[in-house]
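Okay, so here's the structure we're looking at.
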Number of protein chains: 2
Amino acid sequence: MALDLQETLRKSGIRPSAHRLAVAEYVLTTDEHPSAERVLERVTGRFPLLSRATVYNTLNLFVQKGLLRELVLAEGNVVFDPKLEPHHHFVDDETGKIDDIPWSALAVGDPNKMAGYQIREYMVVMRGRKLGRPRVNKTR
Amino acid sequence: MALDLQETLRKSGIRPSAHRLAVAEYVLTTDEHPSAERVLERVTGRFPLLSRATVYNTLNLFVQKGLLRELVLAEGNVVFDPKLEPHHHFVDDETGKIDDIPWSALAVGDPNKMAGYQIREYMVVMRGRKLGRPRVNKTR
DNA sequence: GTTCGTGCAAACGGTTTGCAACAAT
DNA sequence: ATTGTTGCAAACCGTTTGCACGAAC
């Protein structure tokens, strides 16, 4: 835990203001895939003096500095992902919720073997239903 | 070519009005990946009496009836794809242009083997640069 | 004292909606 | 007559921008 956020920001050339730290604390450690609006909601919970503009500014800054990736997987809903290593994504048809799928879970041929393209990044995007939890020991 | 569009619409339970046919003629046969705005532009070229609302209505209707798929690959840009068979997509970093990549071009492990998910569809999304055309015989 | 961060409200751009007119059956 | 289709303009929603103030260096 508690990797030093202040340090992280500074290393990326971002001055660690209180507001930015508040945003970072949530968005750089979550495994949800929050939209800007959700970040605002979450962060203003504990930090009510934070404006919408600042959240957007901060998120864009983080993306630009490489601390965050933007995902566009559903209409009108840009979403942020602090997990920088390659991985795949599953999008639930009903809830829209996104799951990270480990790179190792799915063998994918190397697209850089395709002539004519130089691939910077790639991922499998899956859509469907998430099945009910296996219900291990909840029979009573 | 010239598969009977009127027939196609009717088979999907869509009454083939003139406007719908005009939209269909472009969007069901293109290999671009047009946004609604682009469809409007293209279709009003030859059919100036067509309103924005009708284009949006028609596109949504086509999607709902399964003649078209919606792709959301870039921010603020929903795009339509008449190619219904499974295939992958490449998005050019610079131009935003989308290429269809044949299913056969890339081996992908079956995600339905992953426990806990029932996958309805999946595709590889690749981003990067498209290299200059191979320049086969253009030396003079 | 210049640069940087922030809040506010307005602007923006793509999409949807309400409503009234019209066409098809 | 009823139902389906269209155009127009306004509404909508997430995001960006302009500007003015205040804090950090």
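None of the values given here were measured: they were computed from a predicted structure. In the text below, chain A, chain B and the rest are named by the order of the sequence lines, each starting its count at 1.
- Near-neighbour residues of DNA chain D inside residues 33-50 of chain A, defined by a heavy atom below 4.0 Å, number-ordered: A:Ala36.
- Rounded to whole Å, atom P of D:dG4 lies 10 Å from atom CZ of B:Arg20.
- The residue from A:Thr8, A:Leu9, A:Asp4 that alone fulfils the side chain to side chain contact (heavy atoms under 4.5 Å, CB included) condition with A:Gln6 is A:Asp4.
- Between B:Asp92 and B:Arg129, none of the side-chain N atoms (NZ, or NE/NH1/NH2) sits under 4.0 Å from a carboxylate O, so this pair counts as no salt bridge.
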Pull out every protein N or O sitting under 3.5 Å from an N or O of nucleotides 16-21 of chain D, one pair per line with the distance.
residue : atom : partner : partner atom : Å
D:dT16  : OP2  : A:Asn60 : ND2          : 3.1

Shorter than 3.5 Å, N or O on both sides, protein versus nucleotides 22-25 of chain D: list them out with atom names.
residue : atom : partner : partner atom : Å
D:dA24  : O3'  : A:Arg15 : NH1          : 3.4

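- Atom pair B:Leu59:CG and D:dT5:P shows a separation of 15 Å (rounding to whole Å applied).
- Of the two residues near DNA chain D, B:His19 and A:Asn77, the one whose nearest nucleotide lies more 5' is B:His19.
- Listed pair B:Ser17 / D:dT6 meets the phosphate criterion, a side-chain N or O lying under 4.0 Å from OP1 or OP2.
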Only distances under 3.5 Å count here; give the side-chain donor-acceptor pairs of residues 97-104 of chain A to other protein atoms, sequence neighbours excluded, each with its distance to 0.1 Å.
residue  : atom : partner  : partner atom : Å
A:Asp99  : OD2  : A:Lys130 : NZ           : 2.7
A:Asp99  : OD2  : B:Tyr117 : OH           : 2.5
A:Asp100 : OD1  : A:His33  : NE2          : 2.7
A:Asp100 : OD1  : A:His87  : NE2          : 3.1
A:Asp100 : OD1  : A:His89  : NE2          : 3.1

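- The ring pair (Phe, Tyr, Trp, His ring centres under 6.0 Å) test applied to B:Tyr56 returns no partner, not counting sequence neighbours.
- Put simply, the side chain of B:Arg20 gets close to the backbone of B:Arg15: a donor and an acceptor are under 3.5 Å apart.
- Distance, A:Leu61 CG to D:dT15 C1': 16 Å, rounded to whole Å.
- The stretch residues 43-52 of chain B participates, sequence neighbours left out, in these side-chain hydrogen bond (donor to acceptor under 3.5 Å, both in side chains) pairs: B:Glu25-B:Arg46, B:Glu37-B:Arg52, B:Ser51-B:Thr54.
- Around atom NZ of A:Lys11, no more than 12 heavy atoms belonging to other residues, nucleotides or ligands sit under 6.0 Å away.
- Put simply, the side chain of A:Ser12 never gets that close to the backbone of A:Ile14: no donor and acceptor are under 3.5 Å apart.
- Here the side chains of A:Leu5 and A:Glu7 are not in contact, with every heavy-atom distance at 4.5 Å or above.
- Under the 4.5 Å side-chain criterion, counting only non-hydrogen atoms from C-beta, B:Tyr26 is in contact with B:Pro34.
- Rounded to whole Å, atom P of C:dA24 lies 13 Å from atom CG of B:Leu21.
- In this model, the phosphate group of C:dT6 is not approached by any side-chain N or O of A:Thr54 to a distance below 4.0 Å at OP1 or OP2.
- To the nearest 0.5 Å, the span separating CG on B:Leu73 from CE on B:Met123 amounts to 7.0 Å.
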